[in-house]
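This report concerns only the one structure given below.
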Amino acid sequence: MAPSSTCPEPVFAPGEKFLSFEITRVTPLPDIRQTAYEILHLRTGARILHLHNDDPENLYAICFRTPPEDSTGLPHILEHSVLAGSERYPLKDVFNELHRASLQTFINAFTYPDKTVYPVASQVKKDFFNLARVYTDLVLRPRLLRETFLQEGHHFEFADPGNPDSELVISGIVYNEMKGAYSSPDSLMFKAIQENLYPDTIYRNDSGGAPDAIPNLTYEQFRAFHRSYYSPSNARFFFYGDIPTRDCLTFLAEMLDGFDAVTVESHIAPQERWTAPRSVCGEYPIGADEDATAKTAVNVAWMLADNLDYETVILLEIVSWALVGSAAGPLRKVLVESGLGEDLSPVTGLEKDIKQLAFVVGLRGSEADRAAAVEALILDTVARLAESGFERDLIEGALHQVEFHGKEISRGAYPYGITLMGRVFHTWLYDGDPLAGLNFPAMIDDIRRRWDRDPALFQKVLRRWFLENPHRLLSVMKPSTTYQSEQEARSREALRVMAEALSPEDRARIASDALRLNRFQTEPDPPEAAALLPAIAIGDLSPEVDVIPVESEIRQGVTVLSHDLFTNGIAYLHIAFDVAHIPDELQPYLPLLCRLMTGLGAGELSYDALSKKIALKTGGLGAHLASGFRIGGCETWQKMIVHVRMLYRNIPDAVGILSDILFRGNLTEMARIRDLIFEDRNDLQAAVVPSGHLFAKRTAAASLTLPAYREEQWHGRSQLKFIHALAESWDERQGDFIRKIDDLKSRIIRKDRMILNLTADRQGLNLLEEAVGTIMTALKEVPSTICDVPVPALPSRVGIAIPAQVSYVAEAFPAPTYGSSLAAPLFVLSRLLSNGCLYQKIRVQGGAYGGMCLYDPTNGLFSFLSYRDPHLERTLAVYEEALRFAGDGVIADEEIQKAVIGSIGALDRPMDPAGRGFASMIRHFSGLTDEERRRFRQAVLSMGNRELTAGALQYLAGVKNRSAVAVYSAGEKMNQANETLRPSLQIEPLT
Ligand SMILES: [Zn+2]
């Protein structure tokens, strides 16, 4: 069904009763296309909110208030454990079953500092209620077995499992997950602020769990926490989508049957406001040989208003955006240009997932002895703005951004329902009006009226919440080359003390517990238990592919693709330039070209003036790089894609900005260019630990195919090394750098093999077509030749040393693309292995946060990855085992059916209008037709044991000995592994 611009007619009136519920409030919100029902479950007091609309991707979430009492990670371990199984569904891991064998478009669970949320989403009504039914049963009536607690939380085991005299180690999935989190500078930085800004509240505790504290948690405490907080009386149920309210309530009435009201003490007390500012100093790990110069982060944080004071919250959102939200933000600008640090701290901005909001701002790449100067600069700037006020265009830009994002139908990686749910919980969780933060257009009108009446409105906000607010924290995070080793020595010492105190009986018990856990983990679920889960059948799946409307025509020698889609008054423009002809040695410059094109000034405008204009006239503008194979796998494509999104009324202005950027961009703002390069370097460096598996995959795959090699050059460690070296020798290299960027622009911004991609409804398309005419006329008509380079010989066994307490292990193989008869079997196989043996061996038994297998038919890669993994050699052995298993022909038909259902779910992942237009363009590059997609889908749907095994065998025979391995881990750990690993890893530092 096509989305519309109105909200559904209300079907209930306030005060009306239905089943065991009372409708307490009905609010049509036509501006955001929702009708909101607030509902009370009369017996338990459970609160329900339904946002009814015409989105077929329905979302359901159960939320409990779960204030943590300490940092043992209780809420987090419970979040993992309830999803294991319930009395009605007595399996070992129901979550994994739902994940792999349903049409879910989203299934997850989140632990926040004060709440735990369990959301599921699907586009198919039957599947949606299956998921919702099982999820509700799991959270309200979980089994919480001791084995689950040991597996998800923590347990002791002996390094050599059969030998109680060998070294004692701690394992557990959450334990290893949090070891990874505690290696990431960004998470440590935010943690230090949260714990010290709210020191007298529950927020001083880490709901996720501190690795040192997790082993103190007992099984009894764990069960007691569930009894206290997981009752309907402490729950909030959130529904979103096009399913009628009556159906949602009929379902929920059945689920809540048998529960009574209980008194739950989960009130979250506020932090008392300080009378004087405070400061705190902490450390984060860097590599043992890394230079510690210019690696300190200095942040200033304020505790602001309560989330319930929504009128103030929206003002604070606008002020926060005006201060630091764009390159023109005066506080951002003054900090970045001060020379006191390299770039803005990554935790900068407004934090709303806490009862009282915080605003944080600071610099990264600084020194501890500059902390006072950073703080003074921030305070002086705020004082100056409180005196003089913001420039009008900055506030207008902020208001335009709120309007744009309120109007845009945007899914991104998460369902749109998740975005609205997040806003709802900011007030609802603290017993406030759940709708307070939802109606953006109405709020903006209100702010405009207030601003007209009182031009000093935002100055007053600055004075009240920043200048005259003594609840302020100065936080300094210093790099430490010994943090990692000291942390490890401390854990080892704690374990040694514990081990020494153990009697022979204790040791025997640990050994037998570990054995019992292992038996529990490896025993299959009884088939009759698995049959209890409601499931979708293959016959329920649609054989049809979703067809994206596309019209293709050649205008002025350029291919123009148009997608006539309902976009709620927003137009999307992509311009794809070819970069396949750019010589190999210039390719690493392309990501910086993307960044500089959209981050500098153009025409008469300086970078900050242009940034203001971008905020006023567009919903976002940027450039990025993408590459892949054409169908059949013989040719590749490599593109630089520039994009802009805008309201219809701004199309001429927004396209004008884009045209200025392309043709009149200036490369003379040297200080700004330097800042952007340092910022990019720091962002990429900070991404390594949180996304170690993706970096490892890029490094491994780079030696295999050209698209993968480009991916590593543009987005992987090679890019980090390149930009790192550039930043280190910036003074000598800047002249040469600017010449190269200038040269690249003239080689890329030309008509040859360029593609225009337009997405909007008919009215918007007409406006867009008219506006892009000027760009086409201005483009040069120089033909270029593609030089398809061979991938250079790279080492195929690499270890990259990083300061982390856990490992990321990747192994990649070259694989066929779409168009090959092997594509469908490999697609299903990768899901089977991911959710089957990798999940089991790497996560469940190995204690890693994740283990997965990915097949990417666009880039021709088949890969194995592990995430926050305590093992290394063992994980590589599991990969080998997985491949053998794939060719053995022993996979049961039910398993294949589940993988087929999951595969179709993955193929049908919904996209927002911008995403659909973009996907259609990528299919155009790849030559992937709807006919080919139908063939592929059909092959997936009819996959059986015979087809799968034959495909796996044929594929494996062709890739034997062609794999590449990359490990990101601590140097010491890899040296140790190299003693036994054959072939061994070639170990290199990160940069
Ligand atoms: Zn977790």
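Each ligand, and each atom within it, is numbered from 1 in the order the structure gives. Just so it is clear, the values below take in all heavy atoms, side chains as well, and ignore hydrogens, waters and symmetry mates.
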State yes or no: are the ring centers of F64 and Y229 separated by less than 6.0 Å?
-> no
Taking the six-membered ring for Trp, are the ring centroids of H154 and F149 within less than 6.0 Å of each other?
-> yes
Check the side chains of N299 and S345 for a donor-acceptor pair under 3.5 angstrom, ignoring hydrogens and angles.
-> yes
Are Y867 and Y808 close enough that their ring centers fall under 6.0 Å?
-> yes
Residue E79, metal the Zn ion (ligand 1), N/O/S under 2.8 Å = no
Angle in degrees, rounded to 10°, that NE2 of H80 and NE2 of H76 form at the Zn ion (ligand 1) | 100°
For the Zn ion (ligand 1), find the closest N/O/S atom on E177 and give its atom name.
-> OE1
